[in-house]
Amino acid sequence: MQVKELLPFINPVQWIRAGSYARKHSHFQRSANDPELHLYSKILNSRMLHYGYFDDTEIIPEEISLAMFERAQARYAGMIMEHITDRDNVVLDVGCGLGGLAGMMRSNGFETEVVTPDANQAAFIMETLPLIRCHQCKFENFEPAMKYGTLINAESLQYINLAKAFRKAEESIQPGGKWIIADYFRTSDDSRGGHLLSDFLGKAAEYNWKIELERNITPNVLPTLRFLTMYIGRIVLPLKEYGYEKFRLKRPRLYFLSGKLREKVDRKILKETAVIDPEIFAGRRRYMLFVLKKA
């Protein structure tokens, strides 16, 4: 490592500039600026961010291609659309991601509006799907100007307080309308991620919603988790170790000084990998498809 590479660390002017940069970028809001979603939009032609739905639940991860994954995502969207029976009224897609499901519904003759709190998602949808009205806000803060025939939460209910979600659904949907929910739920208090399934069922009863369909589709989403786990183990982690070793050989002093940072990166990868572990997921969660109707 050469002295010039260390100069920014000891130059007081650079420290002042670094402080200014940090203040400018410290107010990061995931709902308004999500780099992961920008990355997904470049990788996935389907513009869908959910787990997908595999009819072949036993497919091995090495056989899954990007095209197959995109077909599984389209199959997931098709599964949801099968339960939209009201073509005369508008469908509201809550937490619409990049608009993949909304675009499919529009192409199949459903008048559709979307809700997203993400500024990047809203801009992307308004550019690519100009005929679909986009409401940029949290669902909890959404002020419906009309009543919708069908409400959809596809992998978005997990981010919304349950009581607020049920209250807002009542405000947004027509009498006799449907609320279609596809998401994963926790089965016990000793796990994280998603709402407790028992809490959801309790709220449905409390707010007087009739469950017309309750279907466990966990086996159909597990191939995605197996594929991601395989990809991380065979590509991401070896590339990380390769990068570490190149860094150690090329910049041994800086490698030594960055030990704590590398430990933090390793812990983050371990934590994120555990979230998508298919065995852990199947043991602690249920991915459910619900169709609710106001009783």
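These numbers come from the heavy atoms of this one structure, side chains and all, not from hydrogens, waters or symmetry mates. Numbers here are sequence positions counted from 1.
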Identify the residue among V275, L222, I276, T229 that makes a side chain to side chain contact (heavy atoms under 4.5 Å, CB included) with F281. L222
Can you list everything that forms a salt bridge (charged side-chain N to carboxylate O under 4.0 Å, His left out) with R133? Sequence neighbours excluded, please. none
When you compare the side chain of R75 with that of F54, does any pair of heavy atoms fall below 4.5 Å? no
Is the shortest heavy-atom distance from the side chain of D183 to the side chain of N153 under 4.5 Å? no
Nearest 0.5 angstrom please: I125 CD1 to D93 CG, how far? 8.0 Å
Less than 4.5 Å apart, any side-chain heavy atom of V115 and any of C96? no
Which word best sums up how the rings of F200 and F185 line up, parallel for under 30°, tilted for 30 to 60°, or perpendicular for over 60°? tilted
Is a side-chain N or O of H83 found less than 3.5 angstrom from the main chain of F290, in a donor-acceptor match? no
Please determine whether the number of non-hydrogen atoms from other residues, nucleotides or ligands lying under 6.0 Å from atom NZ of K293 exceeds 12. no
Can you list the steps and then say if E245 with R248 is a salt bridge (Lys or Arg N to Asp or Glu O under 4.0 Å)? CA-CA 5 Å; E245 184 62 12; R248 185 186 68 82; 2.5 Å; yes
From CZ (R286) to CE (M288), nearest 0.5 Å: 8.5 Å
Taking the side chain from T57 and the backbone from N220, do they hold a donor-acceptor pair closer than 3.5 Å? no
Nearest 0.5 angstrom please: K203 NZ to L292 CG, how far? 14.0 Å
Specify whether F166 and W209 have parallel, tilted or perpendicular ring planes, treating 30° as the upper limit for parallel and 60° as the lower limit for perpendicular. perpendicular
For the side chain of K178 and the backbone of I173, is there at least one donor-acceptor N/O pair under 3.5 Å apart? no
Report yes if the side chains of N108 and I84 come closer than 4.5 Å at any heavy-atom pair, otherwise no. no
Any side-chain heavy-atom pair of D277 and L225 under 4.5 Å: no
Are any of the side-chain heavy atoms of L151 and I181 separated by less than 4.5 Å? no
Would you indicate whether the side-chain heavy atoms of Y159 and F139 approach each other to under 4.5 Å? no
Heavy atoms of other groups near Y231 OH, more than 12 under 6.0 Å: no
Between S172 and P144 (side chain of the first, backbone of the second, donor and acceptor by atom type, cut-off under 3.5 Å), is there such a pair? no
Contact between M68 and I59 at the side-chain level, heavy atoms closer than 4.5 Å - yes or no? yes
Would you say the side-chain atoms of D118 and T116 include a donor-acceptor pair closer than 3.5 Å? no
Kindly say whether Y255 contributes a backbone atom to a donor-acceptor pair with the side chain of S258 at under 3.5 angstrom? yes
Is a side-chain N or O of T218 found less than 3.5 angstrom from the main chain of A282, in a donor-acceptor match? no
Report the distance from atom CG of N120 to atom CD of Q136, rounding to the nearest 0.5 Å. 9.0 Å
Whether the Y148 and E111 side chains hold a donor-acceptor pair (N or O, under 3.5 Å, no angle test) is what I'd like checked. no
Could you tell me whether E127 atom CD has more than 12 heavy atoms of other residues or ligands within 6.0 Å of it? no
Look at K168 together with E171 and state whether they make a salt bridge at an N to O cut-off of under 4.0 Å. yes
Do we get R87 above F110's six-membered ring, with its NZ or CZ under 6.0 Å from the centre and within 45° of the axis? yes
When rounded to the nearest 0.5 angstrom, what distance separates CE in M104 from OG1 in T112? 11.0 Å
For the residue pair H135 and F142, categorise the inter-ring angle as parallel (less than 30°), tilted (30 to 60°) or perpendicular (more than 60°). perpendicular
Count the heavy atoms of every other residue, nucleotide or ligand shown that sit under 6.0 Å from CD of E272, and state whether that count exceeds 12. yes
For K264, is the NZ atom crowded, meaning more than 12 foreign heavy atoms sit under 6.0 Å from it? no
Between K240 and D266, is there a side-chain N and carboxylate O pair less than 4.0 Å apart? yes
